[in-house]
S.K.: 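Structure incoming, see below.
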Number of protein chains: 2
Amino acid sequence: MADHSNTAKAENLLFLTDDQLLQGIELMFFAYKGFTSDPDQILQNYTYGRAHHRALHFINRNPNITVSALLDILGVTKQSLNRVLRQLVEDKLVDSKVGKRDRRERNLKLTPSGQELEHSLSDAQRKRMRAAYKAAGPDAVQGFRSVLQNIMDPQMKIHLD
Amino acid sequence: MADHSNTAKAENLLFLTDDQLLQGIELMFFAYKGFTSDPDQILQNYTYGRAHHRALHFINRNPNITVSALLDILGVTKQSLNRVLRQLVEDKLVDSKVGKRDRRERNLKLTPSGQELEHSLSDAQRKRMRAAYKAAGPDAVQGFRSVLQNIMDPQMKIHLD
DNA sequence: TTGGAAAGTCAACAATACTGACATAAAATG
DNA sequence: CATTTTATGTCAGTATTGTTGACTTTCCAA
């Protein structure tokens, strides 16, 4: 446990007890629950779930993305993603076009009604984030971003801007 | 970043573009994915999943907690939690005792082997958190905590220490 | 004492993850 | 150029974990 010896250097100002770390872990759990609750609430009126929301979000952020690239971002199996995409394409929220260079690929983008649903979900989530950012202040936001970037797997950082 | 317009008030230093908020949203997604990956990896060797981990975590943190109280924390239905608890009790990782005052209640706590599994899961997760905290620094950690507390639903704060 | 509320359990179903098998297209190899 | 290998995406079946509904036991209050 929190091994800081009495010879701690100045560069090691953090006194990390197990209890402090467990608090951070619980904070992640509760915050993520709140973070997903607003879109989940909206999606109850549809036949869609959180998986559809994630697909809509990242297709919106990366127009003409391929299934493979989306797979890398989401970190699920292609079979799992495929079920979700099939529904969204059938319902005309997502447009899937055969790739020009490589005809094995599919290029995905949102249709106007896809954009509409994505925006209503995004709006609810952004509202919560904006309120949290404002309440915590600019320095806190910087810290929030820094810690989260260090929690995530490094190779996933390429998917941030 | 966060450049404020020249008409910004002192109380409103944050200039939050949709893009900045969307970046924060994606950061939450990627960080949570990393956050859960280490325990998930370990649990692949068992017949348990993330739901079991959550139960073990909060029973460990709140010895003799009732099923109802655990339900409030986890935010799932009691039927869903019950399946998980039944397995953990059958496998003797959790001890369920009829309440003394109120015999409708069950008081839950970890057995020694339950503590052992919980600790191995916790250890992996704490290791990642500790590394992230150290890399980001003390001020960042404070900001991380502040933003996360503002993201979560206010009534859930009673479950933090 | 009786009727309702609370705590927990059992059963069936839904969403979303998974593995395996497969079709098609591109790339690599002879 | 023909054949094999690799990559992309789809279809089918299974596992985990969420849901609602029906039920028992226990407590409490009228």
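Worth knowing before you read on, the calculation uses all heavy atoms, side chains too, and leaves out hydrogens, waters and symmetry mates. Each chain gets a letter, A, B and so on, in the order the sequences are listed, and its residues count up from 1.
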S.K.: Search all heavy atoms of B:Gln20 against all heavy atoms of A:Tyr133 and return the closest pair with its distance.
M.R.: O-OH, 4.5 Å

S.K.: Quick check for you: name the first and last nucleotides of DNA chain D, 5' to 3', having an atom under 4.0 Å from a heavy atom of chain B.
M.R.: D:dT17 to D:dC27

S.K.: With rounding to the nearest 0.5 angstrom, report the CZ to CZ distance, A:Arg106 to A:Arg104.
M.R.: 10.5 Å

S.K.: Look up atom CG in B:Leu16 and atom CE in A:Met129, then write down how far apart they are to the nearest 0.5 Å.
M.R.: 9.5 Å

S.K.: Measure the CG-NE2 distance between B:Leu70 and B:His159 for me, rounded to the nearest 0.5 Å.
M.R.: 9.5 Å

S.K.: Which ones in residues 66-74 of chain A lie close to DNA chain C, meaning a heavy atom under 4.0 Å from one of its atoms?
M.R.: none

S.K.: Considering the options B:Phe30, B:Phe35, B:Tyr32, B:Phe29, which one meets the ring-ring contact (aromatic ring centres under 6.0 Å, His included) requirement together with A:Tyr32?
M.R.: B:Tyr32

S.K.: Report all side-chain donor-acceptor pairs from residues 81-98 of chain A shorter than 3.5 Å, counting only partners two or more places apart or in another chain.
M.R.:
unit_1: A:Gln87; atom_1: OE1; unit_2: A:His52; atom_2: NE2; d: 3.0
unit_1: A:Asp91; atom_1: OD2; unit_2: A:Tyr48; atom_2: OH; d: 2.3

S.K.: Nearest whole angstrom, please: distance from the C1' of C:dT24 to the CD of A:Glu105.
M.R.: 13 Å

S.K.: Could you go step by step and tell me if A:Asp18 and B:Arg130 meet the side-chain contact (heavy atoms from CB on, under 4.5 Å) rule?
M.R.: CA-CA 9 Å; A:Asp18 277 5; B:Arg130 179 180 292 115; 3.5 Å; yes

S.K.: On the side chain of B:Arg104, is there an atom forming a donor-acceptor pair with the base of C:dA6 - under 3.5 Å, no angle test?
M.R.: yes

S.K.: What do the steps show when you test A:Met152 against B:Lys33 for side-chain contact (heavy atoms from CB on, under 4.5 Å), and what is the final call?
M.R.: CA-CA 7 Å; A:Met152 63 188 280; B:Lys33 177 167 279 298; over 6 Å; no

S.K.: State the CZ-CG distance between A:Arg50 and A:Leu43, to the nearest 0.5 angstrom.
M.R.: 9.5 Å

S.K.: Is the shortest side-chain N to carboxylate O distance from B:Arg128 to A:Asp153 below 4.0 Å?
M.R.: yes

S.K.: Please tell me if B:Asn82 has a side-chain N or O lying less than 4.0 Å from either OP1 or OP2 of C:dT9.
M.R.: yes

S.K.: What verdict does the side-chain contact (heavy atoms from CB on, under 4.5 Å) test give for B:Leu22 and A:Arg126, after you've listed the backbone C-alpha separation in whole Å, the side-chain angles of each residue and the deciding distance to 0.1 Å?
M.R.: CA-CA 7 Å; B:Leu22 290 175; A:Arg126 275 183 287 115; 4.1 Å; yes

S.K.: Indicate whether the side chain of B:Ser113 and that of B:Thr111 have a donor and an acceptor atom separated by less than 3.5 Å.
M.R.: yes

S.K.: Quick one: do B:Gln115 and B:Leu110 satisfy side-chain contact (heavy atoms from CB on, under 4.5 Å)? Show the steps, please.
M.R.: CA-CA 6 Å; B:Gln115 285 176 15; B:Leu110 299 187; 3.7 Å; yes

S.K.: With rounding to the nearest 0.5 Å, note down the distance linking CG in B:Asn64 to CD1 in B:Ile59.
M.R.: 10.5 Å

S.K.: With axes from five pairs an end, tell me the bend angle of the helix from C:dT1-D:dA30 to C:dG30-D:dC1, nearest 10°.
M.R.: 10°

S.K.: Can you pull out the residues from residues 88-100 of chain A that lie within a 4.0 Å heavy-atom distance of DNA chain D?
M.R.: none

S.K.: Run the salt-bridge test on B:Asp19 and A:Arg61 with the 4.0 Å N-O cut-off and return the result as yes or no.
M.R.: yes

S.K.: Is A:Arg103 near enough to C:dA25 that one of its side-chain N or O atoms lies under 4.0 angstrom from OP1 or OP2?
M.R.: yes

S.K.: Each nucleotide in nucleotides 12-23 of chain C should get exactly one letter: B, S or -. Can you fill that in based on protein heavy atoms under 4.0 Å?
M.R.: ----BBBBB---

